[in-house]
Number of protein chains: 2
Amino acid sequence: MNRLCLPLGLDANDLNKLEQLIERKKPLQPREGVFSSGDPFSSIYAVRSGSIKSFCIDPDGREQVTGFYFPGEIFGWDGLANNQYQNTAIALETTSLCEIPYEQLDELGNSIPPIQKYLMKLISREINADQQLIALLAANSAQQKLASLLLSISDRLLQRKLSSTRILLPMSRGEISNYLGLTVETVSRVLGVFQRKKYLAVNKKEIEILDMQALRDLMLSTEEVE
Amino acid sequence: MNRLCLPLGLDANDLNKLEQLIERKKPLQPREGVFSSGDPFSSIYAVRSGSIKSFCIDPDGREQVTGFYFPGEIFGWDGLANNQYQNTAIALETTSLCEIPYEQLDELGNSIPPIQKYLMKLISREINADQQLIALLAANSAQQKLASLLLSISDRLLQRKLSSTRILLPMSRGEISNYLGLTVETVSRVLGVFQRKKYLAVNKKEIEILDMQALRDLMLSTEEVE
DNA sequence: AAATCCAACTGATGTAAATCAACTCAAGGT
DNA sequence: ACCTTGAGTTGATTTACATCAGTTGGATTT
């Protein structure tokens, strides 16, 4: 990783060109929007610090959270297919982003193939993430869903060399429950269970993972772990 | 759409180059595999006729269906991010595919920017499809899930100018239930309910949609429609 | 035609999570 | 200090779906 928001193997010259594209935006306030569903697609965004929630509105008007994005992660690809964003993206906390105008990025990609290639991989990564979520939502219990989310967040923070056992959740219980297809009450109760089992120490939005392995084991078995 | 598997606005010359890449494979038998999870990524595939199921294996060894693909649709993007396919893809019936070797497609894209651009849109479309499925799995009842799947299939067949009210399901009840995060019994019962309500006529894998609007209405309300 | 098989359906029962309903607590506002 | 507000938790009850346990009917075999 470098000063840029994109980790990738390029020579200094190409890197420089890329760097000139990227606009560092002034930090977003909590709840401030990046783009809204229906807005014309213009850019993708990389999270520098803070966190982002993306969600869409169902035909029946209810909000459905489709993703959380942490430092180093990229969002906004959903706008590409139809030239308008399908999701709405807002900051969960004070958040700074890099905006990468897609038109220019695409042009740069045309002259520098490795960039193009890397871009495709980035999009494909979003597909993999989405499919993991699909598997999670289709197959698992409330406990497994929550365990999986916590492990995923922990893992992603670790990749950015941030603390992996102490997590300060930027999202509300309601947002977690919506994302996982549960209710707030269930999320609250499962956190309670995990706490009683000493898997976690929970204090409001502060979560400490005490027994990572126990959470991982939850994912592996349909069986009750007593 | 043209003789090719890819609909897109190119001049005759470019189109010809693209056409030369594409290999029409001999038809697959039902249950025959296209690629397996872990195989090195080499190509994407377009369905010419028939249908494809893609699925992954959970950490606990269970199969999770991640998508069904019908004529005109493209699959295999999930392999791009890590250079190996995450899913396994098999034919649900006798199916013919176009194989499009990615390396060559990518090279062609480097020399013909519109192709590159179109490729990105294709991938992005997969993201949109996945996110719709996420919303479906997270928020909806068994009836809504099934209604949604039937409407989606109907819609996709219609886009390819195939019958939209008479559907011959290529997949088993088990595969449907797995995809939707339900059990076979529930799928069977919901089909029964829809039949009693005269929304559908069901005969094994032959489904006729009698009341499209009723199915659409199911999606719009949390309320019981009595 | 009897025997086997398997997908699909149906019925009875169990249960995880939703729903409904308080209650707690911290953060602002007046 | 008091009132409001909203997020979070906890408890009681309900319910939608899963699970368990057959039954049915078509296809394949013998």
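No experiment lies behind these values; they were computed from the predicted model shown. Throughout, protein chains are lettered first and strands after them, A, B, ... in sequence-line order, and every chain is numbered starting at 1.
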Inset, instruction - Examine distances only and state if a side-chain atom of Gln144(B) and a backbone atom of Leu218(B) form a donor-acceptor pair shorter than 3.5 Å. - result: yes

Inset, instruction - Please step through side-chain hydrogen bond (donor to acceptor under 3.5 Å, both in side chains) for the pair Gln213(A) and Asp217(A), ending with a clear verdict. - result: CA-CA 6 Å; Gln213(A) 196 52 50; Asp217(A) 290 347; 3.0 Å; yes

Inset, instruction - May I ask you to verify if any side-chain N or O of Thr183(A) is less than 4.0 angstrom from the OP1 or OP2 atom of dA18(C)? - result: yes

Inset, instruction - Report yes if at least one side-chain N or O of Ser188(A) is closer than 4.0 Å to OP1 or OP2 of dT9(D); otherwise report no. - result: yes

Inset, instruction - Measure from CG on Asn140(A) to P on dA18(D) and round the result to the nearest Å. - result: 13 Å

Legend entry - Any donor-acceptor N/O pair, Arg173(A) side chain to Glu185(A) backbone, under 3.5 Å: no

Legend entry - Minimum-distance nucleotide to Lys205(B) side chain [options: dG11(D), dA8(C), dG8(D)]: dA8(C)

Inset, instruction - Count the heavy atoms of every other residue, nucleotide or ligand shown that sit under 6.0 Å from NZ of Lys204(B), and state whether that count exceeds 12. - result: no

Inset, instruction - Please determine if a side-chain N or O atom of Arg173(A) lies less than 4.0 Å away from the OP1 or OP2 oxygen of dT9(D). - result: yes

Inset, instruction - Figure out the CG/P separation between Leu137(B) and dC17(D), and round it to whole Å. - result: 13 Å

Inset, instruction - Specify the separation, in whole Å, of atom CD of Glu206(A) and atom C1' of dG8(D). - result: 15 Å

Legend entry - Spacing between Leu169(A) atom CG and dA7(D) atom P, to the nearest angstrom: 16 Å

Legend entry - 5' priority, DNA chain C, between Leu182(A) and Lys204(A) [closest heavy atom]: Leu182(A)

Legend entry - Heavy atoms from other residues, nucleotides or ligands near CD of Gln132(B) exceed 12 (cutoff 6.0 Å): no

Inset, instruction - Report the distance from atom CD1 of Ile176(A) to atom C1' of dG8(D), rounded to the nearest whole Å. - result: 11 Å

Inset, instruction - Check the distance between dA7(D)'s P and Asn203(A)'s CG and give it to me in whole angstrom. - result: 18 Å

Inset, instruction - Take atom CZ of Phe194(B) and atom P of dA8(C), then tell me their distance rounded to the nearest Å. - result: 17 Å

Legend entry - Polar pair under 3.5 Å, donor/acceptor by atom type, side chain Glu185(A), base dC20(C): yes

Inset, instruction - Could you check Val184(B) against Arg189(B) and say which one's nearest nucleotide on DNA chain C is further toward the 5' end? - result: Val184(B)

Legend entry - Between P of dA16(C) and CG of Leu146(A), the distance in whole Å: 16 Å

